[in-house]
Amino acid sequence: MDRERFVLALDPPLATAAGPIREREGFLLTVDHAGMTGLGESTPLAGWTESLQTCREALDRAAAVAAALDWGVALGKTAVPAARHGLSLALAEARARAADDPLYRSLGGNRHVERVAVNATVGADTSPAETAERARMAQDAGFPCLKVKVGTRSVEDDVERVRAVRDAVDELGVRVDANGAWTVDQADRAVDALAALAVDYVEQPLPRDRLAATGDLRGRGVDIALDESLAAHAVTDVLDADAADVLVLKPMVLGGPDVAVAAAADCRAAGVDPVVSTTVDGVVARTAAVHVAATIPDVRPCGLATADRIVEDLAPDPAPVSDGAIAVPQAAGLGLGERP
Ligand SMILES: [Mg+2]
């Protein structure tokens with residue numbers, strides 16, 4: 001296994017509760033397996049995955065014992081998810097290339113998939129008029145769905161922003177992401193108001209550990225989705241808690257594309273809808289997430305339109321967004337036109 005450190009500048013920076021993220025740092029991995037070289041990417045995001053240093057140490061340990069071990073079992077599923085993601089992806093890509101299959105077919109996707117629909121996103125800092133304008137732009141650009149970030153202003157102000165979107169567009173699906181910002185009282189008010197505005201789902205209304213209280217928000221006219229909670233809890237635990245109607249699966253956070261595909265199947269078996277998104281990764285991990293989404297039949301629009309922030313990526317994007325969707329690469333493996 002070879003690993004190469006990289007740094008990707010983000011513009012605009014990614015706003016988070018812990019402050020703006022101006023760059024994404026990680027490791028590009030190459031693994032020789034099944035007679036082919038596979039590409040993987042480990043781009044840890046502290047708070048969601050292990051730290052960069054822990055990831056690096058895990059990759060070093062894995063490299064030392066790689067020849068003899070099942071990498072996934074050796075690393076565990078959750079302690080170092082970004083490291084496991086990189087290794088698991090590299091092995092999966094090598095296997096797919098050896099079989100001359102696109103990655104999504106090799107991961108278990110059992111039918112041909114041309115495109116995966118994606119959502120547009122508007123940040124939490126826009127006025128109602130600006131939010132409505134972004135919605136019109138998203139609808140004109142062919143997006144099926146807009147995600148409105150909320151939670152940095154009052155619930156009433158955020159509801160006005162969503163109402164402005166509803167008044168401005170008619171065909172666009174709308175989902176709302178609070179990134180865990182609300183109290184139970186705020187979430188109660190928000191869910192009731194947003195249900196009346198035909199919002200598709202409200203994502204992470206409460207902090208990541210409030211699974212039972214999140215479950216209490218279900219069945220009130222709008223679906224409830226969880227995202228950050230999956231960085232703190234196993235998918236099976238969240239499903240067992242009946243906490244959500246939708247789970248946002250981030251392969252980098254779950255520990256690899258194979259884990260994400262299995263989690264999607266677990267979701268469907270539990271009557272929960274899986275959606276796939278990224279942690280704003282480089283082209284290798286982002287394209288892998290597209291392949292993960294392509295394995296899920298009738299997947300809702302996914303959060304995969306995250307390439308724009310990367311100022312200069314690891315390689316050209318084989319799967320750019322066009323008309324609100326991403327064309328799934330059909331060449332062997334990830335299907336990168338140019339390998340980094
Ligand atoms: Mg989210």
Side-chain angles (χ1 to χ4, degrees), residues 10 12-21 24 43-49 81-82 116-126 131 134 138 143-153 155 158 161-162 165 173-182 186-187 190-191 194 199-211 213-214 217-218 222-233 235 238 243-254 260 263-264 267 272-281 285-286 289 292-293 296 299-309:
L10 302 187
L14 184 65
T16 76
I21 295 174
R24 297 282 288 116
T43 311
L45 184 59
W48 289 84
T49 72
V116 172
V118 297
N119 64 274
T121 302
V122 59
D125 55 352
T126 54
T131 313
R134 293 288 294 273
F143 284 93
C145 176
L146 176 71
K147 170 150 94 175
V148 180
K149 292 270 198 177
V150 299
T152 61
R153 54 185 76 203
V155 167
D158 275 331
R161 296 171 65 231
V162 176
V165 169
V174 178
R175 55 182 68 158
V176 167
D177 189 357
N179 290 114
W182 286 329
Q186 289 173 316
V191 162
L194 294 170
V199 167
D200 292 338
Y201 62 70
V202 178
E203 184 173 326
Q204 200 68 47
L206 298 172
R208 57 178 67 182
D209 289 323
R210 304 297 306 274
L211 294 184
T214 304
L217 298 169
R218 298 179 66 196
V222 60
D223 280 352
I224 303 297
L226 284 176
D227 182 4
E228 279 87 342
S229 290
L230 296 180
H233 303 275
V235 169
V238 175
D245 303 285
V246 175
L247 291 191
V248 181
L249 306 179
K250 289 176 158 66
M252 191 69 72
V253 172
L254 296 178
C267 285
V272 169
D273 243 354
V275 167
V276 180
S277 79
T278 78
T279 41
V280 189
D281 311 309
R286 189 176 66 246
V292 168
I296 304 172
V299 68
R300 294 195 197 199
C302 287
L304 299 169
T306 59
D308 282 358
R309 277 180 203 274

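First listed ligand is number 1; within each ligand, the first listed atom is number 1.
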Who pairs with Thr278 by side chain to side chain donor-acceptor pair (under 3.5 Å), at least two apart in sequence or on another chain?
Thr306
For Asp158, what residues pass the side chain to side chain contact (heavy atoms under 4.5 Å, CB included) criterion, not counting sequence neighbours?
Val150, Arg153, Arg161
Say you draw a straight line from CD of Glu203 to CD of Glu228; how long is it, rounded to the nearest 0.5 Å?
7.0 Å
With a cut-off of 2.8 Å, how many protein N, O or S atoms neighbour the Mg ion (ligand 1)?
3
Presence of salt bridge, Asp177 and Lys149, under 4.0 angstrom:
yes
From CZ (Arg24) to OG1 (Thr279), nearest 0.5 Å
5.0 Å
By salt bridge (Lys or Arg N to Asp or Glu O under 4.0 Å) - contacts of Arg218 (at least two apart)
Asp245
